[in-house]
There are 2 protein chains.
Amino acid sequence: MNDASGSGSEGLLYLTDEQLRKGIEAMFFAYRGFTADPDKILQEMGFGRAHHRALHFIHRTPGTTVNNLLTTLGVTKQSLNRVLRTLVDEGLVESRVGNRDKRERNLRLTEKGAALESRLSEAQRRRMRAAYRAAGPEAVAGFRKVLEEMMDADMRRRFQAGKEGSP
Amino acid sequence: MNDASGSGSEGLLYLTDEQLRKGIEAMFFAYRGFTADPDKILQEMGFGRAHHRALHFIHRTPGTTVNNLLTTLGVTKQSLNRVLRTLVDEGLVESRVGNRDKRERNLRLTEKGAALESRLSEAQRRRMRAAYRAAGPEAVAGFRKVLEEMMDADMRRRFQAGKEGSP
DNA sequence: AATTTTATGTCAGCCTTGTTGACTTTCCAA
DNA sequence: TTGGAAAGTCAACAAGGCTGACATAAAATT
């Protein structure tokens, strides 16, 4: 199962267990870095990573419903509700009764919520921008490609759905 | 701050906020996929992700000390200790008093621990292998490059340290 | 019109995994 | 011999997952 250095049949020599393990570790360490900057900001505001995720996706799809957010985030409604309630209570998110379907709640960021989201996002983008710059355009394309392949199929579909019309 | 589609000064046109945001989301969804398979196994065994991380790094550096593991994992000793204790109690990890320094504990996997680690790792590697295969060698190189750039500097150093002699 | 389903919210309670703070034991090294 | 590092332990707490049960309103179906 382990092919330390041999040239595989079709240029697949890079797929040794050791290489894969390094990839796994890289993913672990990188994700830590990825969340480090927003985490600092969140902590001083008394929020957590869960709040950040909610803010991010409400920003991304204004007017989204609770159910929608639920499946995107992959948590239970009780878990999301707790987060959402504090965000509404603190005046960061607005929850309005739906037009067509009055059972639904349409979620959007308030000005205050948008401000925090922007601050968090900017911190995270700063790091990603630096990483992208240092790695170069081709590396970025590869990065994105591998990440997409790593997603669960249904999430990949959801993710790729918002691709074409990225004006 | 937003350059929707313009060709930047030096081919940096890909660094729009929108592109960066997509990168952020990709990271989020991919990490979920990345942990999904081991998580399933862990749950049916009554362990959590923290146990997996400990097993992984003890496997990677047998005989490592608690302090070493502490800085690698980036958690407090109390937090790690709880995880470590259950692993020792369940007979997955052996904690032996150090030779030179008897204050230290040298950690290694038992046969049982190695078996679980291998099972978890194989599940994770299976997904990563599939992603690597689908994305191709160049994408993989870029993926690794960006991930390394995304790490905190000290973690990047630690990570890159185990690179040369990877046979 | 009556019934069922859906979307959401909420209460209660549990688990994992992170945190701080205080304190002890061991034992190396200056 | 004494200071400090390494490790462990106890207690208390918080975030953020989870399940289960139940309430309400609105929509959809029969």
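Numbers restart at 1 for each chain; the letters A, B, ... are given by sequence-line order, proteins then strands.
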Colleague: Measure from CZ on B:Arg82 to P on C:dT16 and round the result to the nearest Å.
Modeller: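 Distance, rounded to whole Å: 10 Å.
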Colleague: When you check the side-chain N and O atoms of B:Thr35 and B:Arg49, is any donor under 3.5 Å from an acceptor?
Modeller: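 Yes.
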Colleague: Under a 4.0 Å threshold between the charged nitrogen and the carboxylate oxygen, would B:Arg129 count as salt-bridged to B:Glu122?
Modeller: yes
Colleague: Pick the nucleotide of DNA chain D nearest each of B:Thr65 and A:Phe47; which residue has the one closer to the 5' end?
Modeller: B:Thr65
Colleague: Between which nucleotides of DNA chain D, read 5' to 3', does contact with chain B run, using atoms under 4.0 Å from its heavy atoms?
Modeller: D:dG4 to D:dC10
Colleague: So, B:Glu25 and A:His56: side-chain donor and acceptor under 3.5 Å apart, yes or no?
Modeller: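 Side-chain D/A pair, B:Glu25 to A:His56: present.
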Colleague: Without decimals, in angstroms, what is the distance between B:Asp39 CG and C:dT17 P?
Modeller: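 My rounded result for the distance is 10 Å.
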Colleague: In this structure, are over 12 heavy atoms from other groups packed under 6.0 Å from A:Gln43 atom CD?
Modeller: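 No, the 6.0 Å shell around CD holds no more than 12 heavy atoms from other groups.
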Colleague: Treat primed atoms plus P, OP1 and OP2 as sugar-phosphate and everything else as base, then score nucleotides 20-26 of chain C 5' to 3': B for base contact with protein heavy atoms under 4.0 Å, S for sugar-phosphate contact only, - for none.
Modeller: BBB---B
Colleague: Of A:Arg100 and A:Ala50, whose closest DNA chain D nucleotide lies nearer the 5' terminus?
Modeller: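 Whichever sits nearer the 5' end wins; that is A:Ala50.
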Colleague: Tell me whether A:Glu44 at atom CD has more than 12 heavy atoms from other residues, nucleotides or ligands lying less than 6.0 Å away.
Modeller: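 Above 12, so yes.
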Colleague: Within this structure, what is the CZ-to-P distance between A:Arg105 and C:dT6, rounded to whole angstrom?
Modeller: 18 Å
Colleague: Check each of A:Tyr31, A:Phe34, A:Phe29, A:Phe28 against B:Tyr31 using the ring-ring contact (aromatic ring centres under 6.0 Å, His included) test, and report the only one that passes.
Modeller: A:Tyr31
Colleague: Hey, is B:Asp37 close enough to B:Arg126 for a salt bridge, meaning N to O under 4.0 Å?
Modeller: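 No, this pair does not count.
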Colleague: How many whole angstroms separate atom CZ of A:Arg49 from atom P of C:dT19?
Modeller: 11 Å
Colleague: Are more than 12 heavy atoms, taken from residues, nucleotides or ligands other than B:Asp89, located less than 6.0 Å from that residue's CG atom?
Modeller: yes
Colleague: Let me know the distance between CG of A:Asn68 and C1' of C:dT6, rounded to the nearest Å.
Modeller: 15 Å
Colleague: May I have the distance from B:Asn81 (atom CG) to C:dT19 (atom C1'), rounded to whole angstrom?
Modeller: 15 Å
Colleague: Tell me: CZ of A:Arg85 to P of C:dT8, nearest whole Å?
Modeller: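 Distance, rounded to whole Å: 16 Å.
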Colleague: In terms of side-chain geometry, is the basic nitrogen of B:Arg60 or A:Glu18 positioned less than 4.0 Å from the acidic oxygen of its partner?
Modeller: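 Yes, this pair counts.
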Colleague: Output the rounded distance in Å from CD (B:Gln43) to P (C:dC15).
Modeller: 14 Å
